[in-house]
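See below for the structure under consideration.
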Amino acid sequence: MAKIGIFDSGVGGLSVFREIRKVLPEEEYIYYSDSANCPYGEKPVEFIIDRCRKITEFLLENGAEIIVVACNTATAAAIKTLREEYPIRFIGMEPAIKPAAQMTRTGVVGVLATAGTLKSDKYLRHKEKYASDIRIAEHVGEGFVELVENGKTSGPEAESTVQRSLEPLLAAGADTIVLGCTHYPFLIDTIRKAAQGRDITIIDPAPAIAKHLVEVMDEEGIAYGPDSGKSFHISLHSSGNQELLESIFGKL
Ligand code: DGL
């Protein structure tokens, strides 16, 4: 059984944990939600790096053997620094532009992400590498993180908020939508509803991240799987609203 640390600016990383647990059901998890500082989307890069260092230290003190940065914004801002400063493997989020570019039939891929992710060098390089033959339409999921942090993933408010950011992507002809923020998968049903019967494919990168985590654990020789007498366990930590974290976890 391995001890896996996972963190996000808030509860969004639970959408990644949900996929990780499918492939690694027996492990011990420590999840840290930085809800007191959420959203990260518009915060300065230095602030995000500093929070990521503190959270990494907390996870290491609690015995994490590998850390999943289950936040696209934190990955874009801080993963390079974390990899330089700590002697542990970090798994980061990648917006799923590569599979989306292969799947689109209209030649237009829509990306929903935070402002921090969309303007990051990491994202721009990724786009240059995988999207040279297609068009990318981008939009910040304005208000999406706040909806999820408040547990409002459906209903009229969620629908109108989602509609506002999705509409420009649909108007640009996008038939494939990449969810570039780990909070957004919790809104997937509302996103589908807002697409109003249009035939769109929505890509959540979390299953690919879970698969990559297993590959890296194999590479590092981190043992996983059932141990005698021990089975799945998760400890949930929040710098803000602990009850919300537990309630969203409870709904998974
Ligand atoms: N869940 C995060 C992401 O994947 C960040 C949302 C935010 O804090 O703005 O980008």
Side-chain angles (χ1 to χ4, degrees), residues 5-20 31-56 67-82 90-97 100 110-124 126-127 138-153 158 161-162 165 177-188 190-191 202-210 212-213 236-241 244-245 248-249 252:
I6 305 180
F7 76 89
D8 177 41
S9 63
V11 297
L14 289 175
S15 71
V16 184
F17 162 74
R18 178 171 68 179
E19 296 302 323
I20 293 176
Y31 184 91
Y32 191 93
S33 157
D34 197 12
S35 287
N37 296 296
C38 186
Y40 279 180
E42 308 263 355
K43 298 238 169 35
V45 167
E46 274 313 316
F47 175 86
I48 299 172
I49 292 177
D50 192 50
R51 287 306 302 155
C52 290
R53 284 192 182 111
K54 294 209 167 71
I55 297 166
T56 295
I67 294 178
V68 181
V69 183
C71 174
N72 293 74
T73 314
T75 300
I79 204 156
K80 188 165 173 285
T81 308
L82 296 175
F90 290 90
I91 310 297
M93 300 302 298
E94 296 281 353
I97 292 180
V111 178
L112 288 168
T114 67
T117 296
L118 294 178
K119 65 174 187 238
S120 68
D121 288 346
K122 195 167 166 52
Y123 172 74
L124 296 174
H126 200 74
K127 200 164 76 164
E138 290 156 357
H139 212 280
V140 172
E142 273 155 23
F144 288 23
V145 171
E146 290 79 356
L147 284 173
V148 174
E149 288 292 315
N150 289 306
K152 292 186 195 159
T153 53
T161 303
V162 164
S165 295
I177 306 287
V178 171
L179 301 183
C181 167
T182 57
H183 280 74
Y184 300 176
F186 288 119
L187 290 163
I188 200 159
T190 305
I191 296 173
I202 303 174
I203 308 184
D204 171 9
I209 301 299
H212 181 55
L213 170 65
L236 299 166
H237 305 266
S238 174
S239 59
N241 190 341
L244 176 79
L245 176 62
I248 298 211
F249 177 75
L252 279 184

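The first residue in the sequence is number 1, and the count goes up from there. Start at 1 and go down the list; that is how both ligands and their atoms are numbered.
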Apply the test side chain to side chain contact (heavy atoms under 4.5 Å, CB included) to residues N241 and E149: give CA-CA distance (whole Å), side-chain angles for both, the deciding distance (0.1 Å), then the verdict.
CA-CA 9 Å; N241 190 341; E149 288 292 315; over 6 Å; no
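- Evaluation of the salt bridge (Lys or Arg N to Asp or Glu O under 4.0 Å) test over residues 46-56, restricted to residues two or more places apart or in two chains, returns D34-R51, D50-K54, R53-E85.
- A heavy-atom distance below 4.5 Å is not found between the side chains of S35 and L245.
- A salt bridge is absent between K152 and E146: the closest approach of a Lys/Arg side-chain nitrogen to an acidic carboxylate oxygen does not fall below 4.0 angstrom.
- Between F249 and F17, the ring planes are tilted. Angles from 30° to 60° get that label.
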Enumerate the pairs of nitrogen or oxygen atoms, one from ligand 1 and one from the protein, separated by less than 3.5 angstrom; state names and distance to 0.1 Å.
unit_1	atom_1	unit_2	atom_2	d
ligand 1	1 (N)	D8	OD1	3.0
ligand 1	1 (N)	T182	OG1	2.9
ligand 1	1 (N)	H183	ND1	2.7
ligand 1	4 (O)	N72	N	2.7
ligand 1	4 (O)	N72	OD1	3.2
ligand 1	4 (O)	T182	N	2.8
ligand 1	4 (O)	T182	OG1	3.3
ligand 1	8 (O)	S9	OG	2.6
ligand 1	8 (O)	Y40	N	2.6
ligand 1	9 (O)	Y40	N	3.2
ligand 1	9 (O)	G41	N	2.8
ligand 1	10 (O)	N72	N	3.4
ligand 1	10 (O)	T73	N	3.1
ligand 1	10 (O)	T73	OG1	2.6

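- Put simply, the side chain of I209 does not reach to within 4.5 Å of the side chain of E19, judged on heavy atoms.
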